[in-house]
Amino acid sequence: LAARLDLSRAAARRYLMTLTALGYMATDGKAFWLTPKVMQLGHSYVASSRLPRTVMPVLQKLTDALGEGTNLAVLQDANAVYISRVAAPKLLSTLIEPGTRLPAHTSAAGRVLLSRLAEAALDRWLVQHPLTAYTPHTITDKTSFKKLLAKVREQGYSVTEGQFESGLRGIAVPLIDSNDQTVGTIGVSMAISSMTASAATKRCVPALKAAAEQLRGQL
């Protein structure tokens, strides 16, 4: 931990002991581990942040209408971070939950968010974050990836299939506030086997875009 945080061993241990005293960690004298209390931190963010509170009712309506799990995501460093989700009423569902982090280049949400960056900012992001392959379908060539992002920005949505995990499809559109700033994405996650990509796009993209436009005036 000291090496990961660039701290001295003594400083790292003091932080661990403080977190243990506060109830966020436990120890047997040698190892340390998180306690369930740490989950309060994530719930506090969701409860206090205006973005998830504003978007959640719209996600619920989308899930009711489409029968698929919907989500809200933002960009953080190399990842698309999913901060809200409404699960579909299905026995089998995708594993995206609040707090899930997916490499941005592999997810529909991440690609939409990257496509909205200025060219200089995107170039810096590509230098800092290698396009790691997670499946045989993951795009790892920077030139091809930039061309793909240009198409995503032009069409206003992204569809991914099997980029991070085989069998998983994601569809996302940008969430833009009243000042024309991109604040996140709303999207749908589903199994590829549920329907064809063209059918999923035709069914979900208009509903997602309509929901994003509805939210625009509230953000």
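Side chains of L59 and R85 form no contact here, defined as non-hydrogen atoms less than 4.5 Å apart. C204 is listed as a side-chain neighbour of M190, based on a closest heavy-atom distance under 4.5 Å. Looking only at side-chain heavy atoms (C-beta outward), L66 and V188 come within less than 4.5 Å of each other. By the 4.5 Å heavy-atom criterion applied to side chains, F32 and T20 are counted as neighbours. Between T160 and T106, every side-chain heavy-atom pair lies at or beyond the 4.5 Å cut-off. Residues I192 and L168 are not in side-chain contact: their nearest non-hydrogen atoms beyond the backbone lie 4.5 Å or more apart. Residues V112 and Y157 fail the side-chain proximity criterion, which asks for heavy atoms closer than 4.5 Å.
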Please list every donor-acceptor pair under 3.5 Å in which a side-chain atom of residues 137-149 meets a protein atom from a residue at least two apart or in another chain.
unit_1: T138; atom_1: OG1; unit_2: Y134; atom_2: N; d: 3.1
unit_1: T138; atom_1: OG1; unit_2: T135; atom_2: N; d: 3.0
unit_1: T138; atom_1: OG1; unit_2: T135; atom_2: O; d: 3.3
unit_1: T138; atom_1: OG1; unit_2: T135; atom_2: OG1; d: 3.4
unit_1: T138; atom_1: OG1; unit_2: Q163; atom_2: O; d: 2.5
unit_1: D141; atom_1: OD2; unit_2: T143; atom_2: N; d: 3.3
unit_1: D141; atom_1: OD2; unit_2: S144; atom_2: N; d: 2.8
unit_1: D141; atom_1: OD2; unit_2: S144; atom_2: OG; d: 3.0
unit_1: K142; atom_1: NZ; unit_2: L126; atom_2: O; d: 3.1
unit_1: K146; atom_1: NZ; unit_2: D123; atom_2: OD1; d: 2.7

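Note that CD1 of I176 and CG of L219 are 10.5 Å apart. Values are rounded to the nearest 0.5 Å. To the nearest 0.5 Å, the span separating OH on Y15 from CG on L7 amounts to 6.0 Å. The line from CD1 of I171 to CD of E161 is 8.5 Å long, rounded to the nearest 0.5 Å.
In plain terms, the two heavy atoms of A87 and T63 that are nearest each other are O-CG2, 3.5 Å. Across all their heavy atoms, V58 and A211 have their closest contact at CG1-CB, 3.6 Å. Closest approach of E68 to S189, counting heavy atoms only: OE1-O, 4.1 Å.
Other residues, nucleotides and ligands contribute over 12 non-hydrogen atoms within 6.0 Å of the NZ atom of K37. More than 12 heavy-atom neighbours from other residues, nucleotides or ligands sit within 6.0 angstrom of NZ on K209.
A donor and an acceptor atom, one from each side chain of R116 and T182, are located under 3.5 Å apart.
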